[in-house]
Amino acid sequence: MPELPEVAYQKIYIDSTSLHQKIVDVELGAPKIFQNPQEEFKSALLDNEFTSTTQIGKYLFLEMKKGRVLVIHFGMTGKMDYFTHNEVHKHAQLTLTFQDGAKLSFICPRKFGKLFLADSIETFREQQKLGPHASDISQKNFLQLFESKKGSVKTALMDQSFIAGLGNLYVDEILFQCGIHPKSRIENLNTDEVTATYKKMQNILKTVTKNKSEGEPLPETYLRSHRSCGENCPNGKGKIEMIKVGGRSTYFCPECQKLK
DNA sequence: CCGCATGTTTGCGG
DNA sequence: CCCGCAAACATGCG
């Protein structure tokens with residue numbers, strides 16, 4: 001559940017189930033998930049309660065009544081599970097029991113997720129060198145950011161210290177909808193192209209977030225629905241190809257996306 | 001068995 | 001110092 005829209009959905013999920021309830025039990029899973037000593041998680045969470053949540057990029061911050069902040073990074077397969085039955089999920093890495101008996105688990109099969117305890121959102125943000133939350137950036141700020149950035153456009157958009165929240169799937173989507181080849185160098189993009197990238201980014205994040213939270217299907221014209229080798233491009237001409245950019249599988253249409 | 005998967009980090013080389 | 005690339009992490013799916 002990893003990129004900005006999925007994390008936004010997890011935020012809504014937690015907000016609507018788990019705020020303002022006293023935590024009466026804490027169960028911990030695989031040690032590698034926990035970025036502070038496991039004992040600290042126990043003592044910080046027990047007898048505490050979540051008061052509000054904040055999202056920056058792919059991170060979710062759960063602020064607590066007694067001061068500290070539980071920070072969740074979902075990795076590739078993490079998600080929350082709120083339940084009132086008795087079977088705890090096989091891959092639960094953290095399970096909290098609330099006073100009314102309901103439970104909230106952090107599920108993470110591949111164990112790429114991480115849990116932190118932070119003193120404040122700001123100090124955590126500085127430590128992790130997190131850039132601005134993608135859907136909050138203004139067009140002006142986006143253009144400024146691109147002025148001083150070099151390298152391939154895909155690598156830049158994936159860089160969490162540059163812009164926080166975009167991942168492999170939606171960067172491919174943005175570049176596809178802009179008609180920009182993912183290996184294009186930022187130095188070679190003109191202002192119109194960067195502006196178009198900004199607009200597509202905002203539009204896609206909004207559309208996908210709505211898709212996650214309200215179940216509205218994604219448009220058929222999205223690369224997302226055709227994202228595998230040899231598929232027909234939704235624009236009608238080419239066939240989707242896969243290359244590696246920044247070490248990640250990158251799907252694109254060679255007809256629609258020319259190298260700049 | 002093989003390749004691939006929404007992410008991040010580390011080490012190496014240019 | 002910057003950039004790019006490969007590998008590693010762990011599990012599931014086709």
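Chain letters run A, B, ... following the sequence lines, proteins first and then strands; every chain starts at 1.
B:dT6 atom C1' lies 14 Å from atom NZ of A:K79, rounded to whole Å. What separates CD of A:Q35 from P of B:dT8 is a distance of 13 Å, to the nearest Å. A:M158 has its CE atom 8 Å from the P atom of B:dT8, to the nearest Å. Here C:dA8 presents its C1' atom at 14 Å from CZ of A:R248, a figure rounded to the nearest Å. We find that OH of A:Y170 is positioned 15 Å from P of B:dA5, with the value rounded to whole Å. The nearest whole Å value for the distance from the CD1 atom in A:I72 to the P atom in B:dT8 is 15 Å. As rounded to whole Å, 11 Å separates atom P of B:dT6 from atom CG of A:L223. Per the geometry, NE2 belonging to A:H89 stands 12 Å off C1' belonging to C:dG12, to the nearest Å.
Checked against C:dG4, B:dG7, C:dC9, the side chain of A:K32 finds its nearest nucleotide in C:dC9. Closest approach to the A:L169 side chain among B:dT6, C:dA10, B:dA5 is made by B:dT6 (side chain taken as heavy atoms from C-beta onward).
The closest donor-acceptor contact from the side chain of A:Q93 to the backbone of A:G29 lies at 3.5 Å or more, if one exists at all. Between the side chain of A:E40 and the backbone N or O of A:L117, no donor-acceptor pair lies under 3.5 Å. A distance-only check finds a donor-acceptor pair linking the side chain of A:Y13 to the backbone of A:Y82 [under 3.5 Å]. Here the side chain of A:E49 pairs no donor or acceptor atom with the backbone of A:K65 at under 3.5 angstrom. Within the 3.5 Å criterion, the main-chain N or O of A:Y198 finds no donor-acceptor partner in the side chain of A:Q139.
The phosphate of B:dA5 (OP1 or OP2) has a side-chain N or O of A:S249 nearer than 4.0 angstrom. The shortest distance between the side-chain N/O atoms of A:K58 and the OP1/OP2 oxygens of B:dT8 is below 4.0 Å. Between B:dT8 and A:H73, a contact under 4.0 Å exists linking OP1 or OP2 to a side-chain N or O. Between C:dA10 and A:H91, no contact under 4.0 Å exists linking OP1 or OP2 to a side-chain N or O.
Residue contacts for A:K149: at a heavy-atom cut-off of 4.0 Å it reaches no nucleic acid atom on any strand shown. The residue A:R227 sits close only to the backbone: its heavy atoms come under 4.0 Å of sugar-phosphate atoms, none of a base. Within 4.0 Å of A:Y251, counting heavy atoms only, lie sugar-phosphate atoms of the nucleic acid but no base atom. Within 4.0 Å (heavy atoms only), A:G247 reaches no atom of the nucleic acid at all.
Across B:dC2 and C:dA7, the matching P atoms stand 15 Å from one another, rounded to whole Å. Separating the C1' atom of C:dC3 from that of B:dT6 is a span of 25 Å, rounded to the nearest Å.
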For this session: Report the secondary structure of DNA chain C in dot-bracket form, marking unpaired bases with a dot and bases paired to a different strand with |, and treating Watson-Crick or G-U pairs with both distances under 3.5 Å as paired.
Result: .||||||||.||||

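If you look at A:F124 and A:Y59, their ring centroids are closer than 6.0 Å. In summary, the aromatic rings of A:F146 and A:F162 are positioned with their centroids under 6.0 Å apart.
Heavy-atom minimum distance, A:T51 versus A:L19: O-CD1, 4.0 Å. Across A:A8 and A:T209, no two heavy atoms sit closer than the pair CB-CG2, 4.1 Å.
Linking ILVMFWY side-chain heavy atoms closer than 4.5 Å, directly or via other members, places A:L223 and A:I243 in two distinct hydrophobic clusters.
Residues of residues 106-136 of chain A having a heavy atom closer than 4.0 Å to DNA chain B, listed by number: A:R110, A:F112, A:K114.
Position along DNA chain C of the nearest nucleotide to A:K150 versus A:K244 favours A:K150 as the more 5'-ward residue.
Counting only N and O atoms by type, the side chains of A:E6 and A:Q10 include no donor and acceptor under 3.5 Å apart.
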